[in-house]
Number of protein chains: 2
Amino acid sequence: MEMDVLAKLKGFLASAELPDDGRLPPERELAQSLDVGRAVLRKALATLQAEGTVWRHVGKGTFVGDRPIDTFADINAMVQRTNPLEVMGARIAFEPEVTRCAALNATGAQIAEIRNCMIKAQQAPTWRQYEQWDNRLHRTIGEASQNSLLLGLLDTLNAVRRAVTWGRLRQTPVRPPADHHSFAEHEQIVEAIADRDGAAAADAMRRHLRSVESHMRDMR
Amino acid sequence: MEMDVLAKLKGFLASAELPDDGRLPPERELAQSLDVGRAVLRKALATLQAEGTVWRHVGKGTFVGDRPIDTFADINAMVQRTNPLEVMGARIAFEPEVTRCAALNATGAQIAEIRNCMIKAQQAPTWRQYEQWDNRLHRTIGEASQNSLLLGLLDTLNAVRRAVTWGRLRQTPVRPPADHHSFAEHEQIVEAIADRDGAAAADAMRRHLRSVESHMRDMR
DNA sequence: TGCTTAAACCAATTCAATATTGGTGTGCCT
DNA sequence: AGGCACACCAATATTGAATTGGTTTAAGCA
């Protein structure tokens, strides 16, 4: 039998320069290069795969290194373990710092959109639409941080929040009152971001969320 | 002028059966259906969009309902969109606040375990084991926040971090030097938590992560 | 028999070309 | 002015062909 296809293969891996993603040529080409049949090459590749130095997938190819993790941040698990109080705690811990980054990195267009969301929220004729614009305001602040990972975490947080807060949508009054506490707080946040004042922005967001939290308690 | 294109459009929305994703026909078709020019239709659609009953995007179409935020709880998606610099930015924004919560809420047992992780990290004979204990230290701090949602977000952040930082494992020296900068920084963090001093804990963690970040830059 | 090779086929995936779609401008008409 | 038809653009969707790991089959060779 072909005595050491595996050794030959390892030699190839050592010598050949692989693209930065670690992909190595398809089986058919590689078999020709190494002057081996495909079946034998596959056996060697199988052992490499078994010992973890290589991973492969139909249609994608064969790669050296570790298989990319396919773990989802299980939002359902978080939802089951947490509660509205924790959600507010997490928001109070997290969002002010996101806001600080936003104040330092937001583009002019993003500041304009944040301000637009604020105005639309103030003018919202129903609570439904108010919350829609409020959500969008907070998320645009996340985008303005210019950090896609922070944005991803914020989205996760919001997904959990929506799942936890579900069902208890406010429908008591028809529309947010003109002196709704959030309006002034939103303005302070937007002002601080527009001023590029990170500390003030973080403080304003923290005050806003604390205010939301206390009103949540009042509602029960 | 066409007096009530908007009313006609709303009538269409009410009568016509939309596909379950809420997509409505493209502008050109819709204009013909309603027997209106595209420009006027666009004006009506613009108001609908402004009042939030509709969202639109180039290439996608026009949809009724809320714009779906492209929430990526998918860690792989986060990994692909982010980079090591963003990861450090997110850690610097997020972990200090988690540490603050930990200082306020940690149990005695958790403080003891955090301290234990710190000692084990100092004594680690290899970089591999050092990072293992370092990871566990940071995660125990997350547990000590007593907020399962914060912990979940921290886990997500760490999963992304591991995936992004993968492959560039340090192997230069055999073991962390005795005067490694992290050791003193870890002690400050643990002290502040043990003192129940939230602000000091957050500051210490922030200094620690900034230090890690600067050393990362030096490595290049 | 026992093992390899070559070839054909399959399903998952990628890739490139094409078609749609919202956004924008221009000229023409009333 | 304002409505309309038309042409263009950039972002997105869609489609079809090519690629790739996996599997089977048959032939070749010891």
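This is a predicted model, so every value here is computed, not measured. Quick note on labels: first sequence line is chain A, next is B, and so on, each numbered from 1. FYI, side chains are in, hydrogens and waters are out, and symmetry mates aren't considered; it's all heavy atoms of this structure.
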Worksheet item: Is there a side-chain polar atom (N or O) of K43(B) under 4.0 Å from OP1 or OP2 of dG3(D)?
Response: yes

Fill in: Counterpart residues, side-chain contact (heavy atoms from CB on, under 4.5 Å), relative to V58(A) (two or more places apart)
none

Response to the item:
In short, side chain to side chain donor-acceptor pair (under 3.5 Å) pairs touching residues 39-53 of chain B with sequence neighbours left out are E27(B)-R42(B)

Item to complete: Mind checking side-chain contact (heavy atoms from CB on, under 4.5 Å) for E187(A) and listing every partner two or more places apart, or none if nothing turns up?
Response: M118(A), Q122(A)

Item to complete: In whole angstrom, give the distance that lies between atom NZ of K8(B) and atom P of dG3(D).
Response: 13 Å

Discussion item. Under the salt bridge (charged side-chain N to carboxylate O under 4.0 Å, His left out) definition, can you give me all pairs with a residue in residues 135-152 of chain B, not counting sequence neighbours?
Written reply: E113(B)-R136(B), R139(B)-E143(B), R139(B)-D155(B)

Worksheet item: Do R161(A) and V79(A) have side-chain heavy atoms sitting under 4.5 Å apart?
Response: no

Worksheet item: Expressed in angstrom and rounded to an integer, what is the separation of W55(A) atom CH2 from dT20(D) atom C1'?
Response: 12 Å

Worksheet entry | Under the side-chain contact (heavy atoms from CB on, under 4.5 Å) test, residues paired with S33(A) that sit two or more places apart | none

Discussion item. Does the protein touch nucleotides 12-25 of chain C at the base, only the backbone, or not at all? Give it as B, S and - per nucleotide, heavy atoms under 4.0 Å.
Written reply: BSS------BBBB-

Item to complete: Measure from CZ on F63(A) to P on dT20(D) and round the result to the nearest Å.
Response: 10 Å

